[in-house]
A.B. asks: 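Would you mind keeping the following structure in view while I ask a few things?
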There are 2 protein chains.
Amino acid sequence: GENALLELAKAAHSGMTTEEFEQIVKDWITTAKHPTTGKLFTEMAYQPMLELLDYLRANGFKTFIVSGGGVEFMRPWAEDVYGIPPEQVVGSSGRLKYEYRDGKPVIVKQPTLTHFNDNVGKPVSIQNHIGRRPIFAAGNSDGDFEMLEWTTAGAGPRFAMFVHHDDAEREWAYDRESKIGTLAKGLDEAPLRGWTIVSIKNDWITIFP
Amino acid sequence: GENALLELAKAAHSGMTTEEFEQIVKDWITTAKHPTTGKLFTEMAYQPMLELLDYLRANGFKTFIVSGGGVEFMRPWAEDVYGIPPEQVVGSSGRLKYEYRDGKPVIVKQPTLTHFNDNVGKPVSIQNHIGRRPIFAAGNSDGDFEMLEWTTAGAGPRFAMFVHHDDAEREWAYDRESKIGTLAKGLDEAPLRGWTIVSIKNDWITIFP
């Protein structure tokens, strides 16, 4: 499952300094293309979500990414693509070790995964990194369920939404039966909890920038 | 030592929700006074450091606290006292658990200390939370040594400073022989590394606001 994949990735990059890893990610992201769309991965951010981030920031919100992905993998490009600086990116993380190489201090990635940022891991990392409860949260799978639940359990106005991947023609269609990015509990519970479900097929005119 | 004290504090507060703990800290901090100065703890922030934070922010810096103290203890008052919001406070931290009480989600403090934010723990938490190397760092004990070292090992202009508590009359005087807040390696190495040592006695006209 995703956990095993993450463990594998951690093992493969362990022993590397954080700066070496950052450079590899930066080099890769400038050329890596999606196998079916042929677009750069960085061109596959969702246009309506970029507009939503801009809209929130223009109205005094501070925006964060809270992803299941490795935090060191996302930070090198999140600012260019989403306008979100490294310190506002929260993700899965592994043990780091401060040591010296050639007399200079380095921070070295270790094989141990210390935080898997999915499900209950999301509200926990929000508390650890951000230290206050979000007012607004958006997700696209059941891995975001607890984050939306935690967000909307706070006092005062709150907003929670799932993006539903239901457009096989222009993007992808998957939800209940998918092994990756499953969205089942979210579809069942959203209407009962007053959360919004956004249909890519029906609600988005443009998908990619 | 400090580690044992932190473990004790963690154990005492475990089982409490993060919101309950925050309320206790907020209540305590509005009335708690230092036993010898008689001032509120929140009135004992250093005036020159507050001015430095303002000056840095006025010049485009984003300011963070990176402290050995418990992050959940500092966040409730750091914004009022230092102008630093919760998400820019990094500290020691314990395990958190997402669970339900009376049908509502809560985050509950667990007894396990997961990160002790001192010495090598500081550059590691800077990488984890902030994800980029500081340009400017200030400390006041050898527990800050690695943070200053990491800061100044980056390319381009860097600034590192230790505040030296050497004013027995107006504040306190301690350094090499002190069991808490020891500053020995820092005093030896700062001149060799081009780091600034600030003498409270000689350099600060006003200490407290």
Side-chain angles (χ1 to χ4, degrees), chain A residues 17-19 21-22 62 64-65 71-76 78-79 84-91 93-101 103-110 114-115 119-134 145-155, chain B residues 17-19 21-22 62 64-65 71-76 78-79 84-91 93-101 103-110 114-115 119-134 145-155:
Chain A
T17 72
T18 50
E19 290 196 331
F21 184 74
E22 184 181 341
K62 194 165 183 175
F64 291 80
I65 293 173
V71 67
E72 308 266 352
F73 172 73
M74 293 179 298
R75 282 175 170 159
E79 187 150 25
I84 295 180
E87 64 274 16
Q88 286 159 230
V89 177
V90 181
S93 54
R95 190 171 305 285
L96 299 175
K97 188 157 176 264
Y98 188 76
E99 57 181 55
Y100 300 89
R101 290 188 181 173
K104 285 198 68 177
V106 289
I107 296 178
V108 179
K109 290 167 75 66
Q110 308 292 305
T114 51
H115 180 74
N119 299 108
V120 296
K122 289 200 173 191
V124 163
S125 71
I126 286 169
Q127 180 65 25
N128 268 331
H129 279 252
I130 305 176
R132 40 183 167 173
R133 195 194 297 253
F145 189 88
E146 286 81 1
M147 175 172 69
L148 272 57
E149 179 179 64
W150 176 243
T151 298
T152 53
Chain B
T17 72
T18 50
E19 291 196 330
F21 185 73
E22 183 182 341
K62 194 165 184 175
F64 291 80
I65 293 173
V71 67
E72 308 266 352
F73 172 73
M74 293 179 298
R75 282 175 170 159
E79 187 150 25
I84 295 180
E87 64 273 16
Q88 286 160 229
V89 177
V90 180
S93 54
R95 190 171 305 285
L96 299 175
K97 188 158 175 263
Y98 188 76
E99 57 181 55
Y100 300 89
R101 289 188 181 173
K104 285 197 68 177
V106 289
I107 296 177
V108 179
K109 290 167 75 67
Q110 308 293 305
T114 51
H115 180 74
N119 300 108
V120 296
K122 289 200 173 191
V124 163
S125 71
I126 286 169
Q127 180 64 25
N128 268 331
H129 279 252
I130 305 176
R132 39 184 167 173
R133 195 194 297 252
F145 189 88
E146 286 81 1
M147 175 171 70
L148 271 57
E149 179 179 63
W150 176 243
T151 298
T152 53

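Order of the sequence lines fixes the chain letters, A, B, ..., with proteins taken first and strands second; residue numbering starts at 1 for each chain. Scope of the values below: all heavy atoms of this structure, side chains included, with no hydrogens, waters or symmetry mates. Source: prediction; values computed, not measured.
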A.B. asks: If you look at every heavy atom in B/T17 and B/R101, which pair is closest and at what distance?
C.D. replies: CG2-NH1, 3.5 Å
A.B. asks: Closest heavy-atom contact between A/V124 and B/Y98?
C.D. replies: CG2-N, 4.1 Å
A.B. asks: Quick check for you: among A/A153, A/G121, A/P123, which has the greatest number of heavy-atom pairs under 4.5 Å with chain B?
C.D. replies: A/P123
A.B. asks: Counting heavy-atom pairs under 4.5 Å with chain A, which one of B/K97, B/E99, B/K62, B/R133 comes out on top?
C.D. replies: B/K62
A.B. asks: B/E87 and side-chain hydrogen bond (donor to acceptor under 3.5 Å, both in side chains): which partner among A/H129, A/Q88, A/R132?
C.D. replies: A/R132
A.B. asks: Under 4.5 Å heavy-atom distance to chain A, tell me which part of B/V106 shows up: side chain, backbone, both or neither.
C.D. replies: backbone
A.B. asks: Hey, which of B/N119, B/V120, B/V90 has the most heavy atom pairs under 4.5 Å with chain A?
C.D. replies: B/V120
A.B. asks: Look only at the side chain of B/R95 and the backbone of B/T114, and say whether a donor-acceptor pair between them is shorter than 3.5 Å.
C.D. replies: no
A.B. asks: With sequence neighbours left out, write down each residue that passes ring-ring contact (aromatic ring centres under 6.0 Å, His included) with A/F64, or none if nothing qualifies.
C.D. replies: none
A.B. asks: Heavy-atom cut-off 4.5 Å, strictly under: side chain, backbone, both or neither for A/E19 against chain B?
C.D. replies: side chain
A.B. asks: Counting heavy-atom pairs under 4.5 Å with chain B, which one of A/K104, A/E146, A/H115 comes out on top?
C.D. replies: A/E146
